[in-house]
Amino acid sequence: MAGVVLAVDVASDWPPEQLKSIESIDRRAPPVPAEVLALAAFAADYYRANLGEVLLPALPPALRSTRQWRMPRALAGRQGPGPAVPQLTAEQSAALAALTPQLDGGFSTILLHGVTGSGKTEVYLRLLEAVLASGGQALVLVPEINLVPQMMARVCERFPGVGVVAQHSALADGERLAGWLAAQSGAARVVVGTRLAVFAPLPDLALVVIDEEHDASYKQQDGPRIHARDLALWRAQQRAVPVLLGSATPSLETWARAEAGAIGRVTLRQRARAAALPRLELVDLRRATAAPSISFRLLEALKARLARGEQSLLFINRRGYSPTLRCNCGWSAECRRCSAHLVLHRDPRVLRCHHCGAEHVIPKSCPDCGNLDLQPIGQATQRIETLLADLLPGARIARVDRDSVRRREDWPQLLADIEARRIDVLVGTQMLSKGHDFPGITLVGVVDADGALYASDFRAPERLFAQLLQVAGRAGRGDSPGEVLVQTRLPEHPLFESLLRGDFEGFAAEQMAERRAAGLPPFAHLAMIRAEAGSDEPCERFLDAVAHAVRDIAAAGRQRAQRGVVQAFDPVPATLQRVAGQHRWQLMLQSAQRPALRAVLASLAPRLPGIAGRSVRWAIDVDPQQID
Ligand code: ADP
Ligand code: ZN
Ligand code: ZN
């Protein structure tokens with residue numbers, strides 16, 4: 001078994017039979033830096049996880065394996081042609097003038113709030129330049145693995161000869177280890193990575209950049225529920241270095257801090273290149289349509305793009321053919337193990353559960369009444385692709401979702417096809433919405449934006465707004481202006497009003513008012529205790545007992561007057577109550593004061609195994625991002 005030696009002591013409280021002796025110490029790699037251990041310890045404490053659970057996944061697999069590995073070769077200098085450095089726009093210059101002094105000023109947090117295409121990356125590059133010139137290292141976090149190569153390419157192109165390494169979970173073991181060691185030795189000066197890169201060893205760390213800081217992918221949804229952005233902030237504070245948070249749609253947590261003046265803020269309102277921001281238009285889906293979920297307006301716009309040889313992107317956040325198969329007697333295809341519909345797929349033809357993966361053959365007739373005419377209800381990527389093939393004969397249509405792009409190797413070919421304009425219309429899920437820059441796309445259609453407006457998660461509107469602006473940002477990045485058509489059955493919704501005006505401030509103000517009234521983040525702090533068992537009863541009983549324990553702890557704390565109020569709500573079943581036969585419940589804890597909540601969690605956590613017994617699996621989620 002491989003482990004990490006954290007400390008050495010001569011005596012132990014543990015029974016000797018539970019102690020293991022160290023067989024040997026692997027000295028090929030330098031020790032894990034104390035700073036990284038401290039970060040892991042903080043994360044374990046804050047997110048109520050075991051240190052090992054946090055630390056071991058943070059280390060490159062090769063480092064924690066007992067198998068033989070050879071010390072990777074040092075980084076080769078990357079020599080390329082001299083970089084093409086654009087002249088800064090006035091806004092970018094002003095941003096840099098405000099940001100550069102922070103590089104010498106110790107810990108600070110600054111929000112770089114810039115519309116899509118405003119050239120935030122150029123601002124990062126200029127700051128990196130200053131950091132590299134003064135001998136510092138930089139950490140650049142992006143929310144998804146798909147976005148790493150693009151950011152790497154831009155950094156490498158700008159700084160030929162400088163060591164730049166990637167850190168993310170899809171790297172080959174050797175490459176991940178080589179990057180880690182290069183960062184630790186100082187051979188690499190910039191680390192670009194996903195959330196696990198927050199643990200990269202960086203002895204000369206001088207700047208942390210978090211691109212798309214609002215992105216929910218920074219929060220881990222299984223295992224220890226760490227939030228890489230928040231850990232990066234803690235790390236930067238320990239190291240007394242600045243953090244730049246970049247986004248077109250900042251998280252409301254970050255926005256509230258900027259509004260209150262607790263962190264700095266720099267704004268880019270214009271696109272960097274001549275292209276104007278795309279024109280947004282709502283299309284009322286309650287009117288007659290050309291085909292299910294394809295309005296005449298959208299169809300006409302698609303045809304105009306085809307005629308001009310421009311590209312279009314249709315966005316629908318559901319993969320498969322249709323989300324439900326139904327009979328008019330009331331029967332619909334449901335997963336037996338989950339409280340969810342089975343999704344109809346065409347390629348191959350199958351009914352599939354998107355929660356547990358179960359697959360069933362498509363029945364020829366209704367199992368309840370024998371009716372042969374089963375109807376697919378609702379739209380998903382494959383169905384839109386099929387509809388468009390009928391509506392736009394001759395158009396080259398490509399679908400981009402997790403079913404069509406299964407392997408990471410498929411990406412480069414797809415991106416090349418888009419770039420070379422071998423594709424006219426892209427139909428895709430959010431896989432396409434983030435970060436990529438396609439100058440040929442002048443039309444973005446959002447097929448159906450309404451799902452999120454009915455969701456139970458209080459963050460759903462925030463995510464929808466961010467996603468729509470992000471998707472809209474794909475339009476018209478080149479020289480032709482872009483157009484964005486958002487189809488909806490709720491065109492009067494206030495979220496769309498702000499969206500049409502491109503008014504993030506207005507949207508944020510309205511959401512914040514609602515959050516304040518409801519006692520939700522950023523005006524309160526939350527933790528969620530989740531429970532899973534084979535039936536509802538043990539989950540509810542467990543969470544009732546937990547709620548009791550929380551009230552006891554909070555009451556005792558209040559008497560001692562140093563702790564604020566922590567409230568435990570009643571246990572409720574999750575919206576998706578059953579997944580793969582497991583029933584899911586949750587209990588929300590809330591407090592206006594973070595230290596009070598932390599203190600209660602610290603007292604509560606050790607009691608949970610005893611309360612849970614054997615029948616319930618549970619997890620603590622501090623600062624939960626998804627509330628389902
Ligand atoms: P953001 O990250 O804010 O969405 P990017 O940094 O990707 O925006 O910039 C959008 C586009 O504008 C990119 O193609 C980039 O090369 C270009 N760009 C950025 N800054 C400038 C500038 N000062 N002059 C010309 N083009 C620029
Ligand atoms: Zn299922
Ligand atoms: Zn029927």
Side-chain angles (χ1 to χ4, degrees), residues 83-96 112-128 140 142-143 147 150-151 153-155 157-158 209-213 244-250 266-278 325-343 351-360 363-375 419 433-440 466 469-479 482 576-584:
V85 181
Q87 184 151 16
L88 293 181
T89 64
E91 279 192 328
Q92 284 171 326
S93 301
L96 268 172
L112 177 60
H113 180 211
V115 298
T116 52
S118 58
K120 293 186 286 295
T121 311
E122 185 59 37
V123 174
Y124 307 155
L125 291 172
R126 297 298 175 105
L127 289 173
L128 289 184
V140 180
V142 294
L147 300 174
Q150 180 176 287
M151 184 63 81
R154 290 185 72 172
V155 176
E157 183 191 22
R158 181 61 59 87
V209 174
I210 304 178
D211 194 25
E212 312 290 0
E213 69 86 26
L244 188 60
L245 303 172
S247 179
T249 49
V266 174
T267 310
L268 303 175
R269 295 178 194 282
Q270 314 276 320
R271 284 195 155 184
R273 287 190 284 177
L277 278 167
L325 185 65
R326 192 182 291 168
C327 170
N328 34 25
C329 78
W331 176 89
S332 65
E334 307 278 339
C335 181
R336 280 179 224 135
R337 309 168 65 216
C338 308
S339 38
H341 293 298
L342 292 170
V343 177
L351 284 170
R352 187 179 296 149
C353 175
H354 283 192
H355 302 286
C356 71
E359 286 194 355
H360 299 271
K364 296 218 164 44
S365 60
C366 171
D368 281 1
C369 75
N371 177 7
L372 290 171
D373 187 25
L374 296 178
Q375 294 295 324
E419 192 130 327
S433 70
K434 288 184 192 169
H436 297 287
D437 207 359
F438 305 122
L469 264 199
Q470 195 71 238
V471 176
R474 299 310 104 203
R477 288 207 143 201
D479 302 322
L576 193 61
Q577 189 164 352
R578 209 156 42 91
V579 173
Q582 291 294 302
H583 292 240
R584 309 153 76 236

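Atoms considered below: every heavy atom in the structure, side chains included; atoms not considered: hydrogens, waters and symmetry mates. Read the numbers this way: they start at 1 and go in the same order the structure lists the ligands and their atoms.
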Any idea which heavy atoms bring Arg269 and Val115 closest together, and the distance? O-CG2, 3.6 Å
Can you name the closest pair of heavy atoms from Pro143 and Glu212 and give their distance? CG-CB, 3.8 Å
Is ligand 1 under 4.0 Å from a heavy atom in the side chain of [X], in the backbone, in both, or in neither?
X	value
Leu268	neither
Ser118	both
Thr121	both

Checking the side chain of [X] only, and the main-chain atoms of [Y] only, is there a donor and an acceptor separated by less than 3.5 Å?
X	Y	value
Arg584	Leu576	yes
Ser339	Arg578	yes
Glu91	Gln270	yes
Lys120	Gly246	no
His113	Ala248	yes
Glu122	Gln92	no

The Zn ion (ligand 2): angle it makes with SG (Cys335) and SG (Cys353), nearest 10 degrees: 110°
Closer than 4.0 Å to some heavy atom of [X] - which atoms of ligand 1 meet that?
X	answer
Leu88	23 (N)
Thr116	4 (O)
Ala272	12 (O), 18 (N), 19 (C), 20 (N), 21 (C), 27 (C)
Val115	3 (O)
Thr89	23 (N)

Report yes if some heavy atom in the side chain of [X] is under 4.5 Å from a heavy atom in the side chain of [Y]; otherwise report no.
X	Y	value
Leu127	Val209	no
Tyr124	Met151	yes
Arg271	Thr116	yes

Given the rule in the side chain to side chain contact (heavy atoms under 4.5 Å, CB included) test, do Leu325 and Leu351 qualify, once you have shown the distances and angles that lead to the verdict? CA-CA 9 Å; Leu325 185 65; Leu351 284 170; 4.2 Å; yes
Ignoring angles and geometry beyond distance, decide whether [X] reaches within less than 3.5 Å of ligand 1 through its nitrogen or oxygen atoms.
X	answer
Gly119	yes
Gln87	yes
Pro86	no

Taking N, O or S atoms only and a limit of 2.8 Å, check whether His354 reaches the Zn ion (ligand 2). no
Contact check: His355 to the Zn ion (ligand 2), N/O/S below 2.8 Å: no
Does [X] have a non-hydrogen atom less than 4.0 Å from ligand 1?
X	answer
Arg154	yes
Gly114	no
Val123	no

Where the Zn ion (ligand 3) is the corner point, what angle links SG of Cys327 with SG of Cys366, to 10°? 110°
Would you give the angle at the Zn ion (ligand 3) between Cys369 atom SG and Cys329 atom SG, to the nearest 10°? 110°
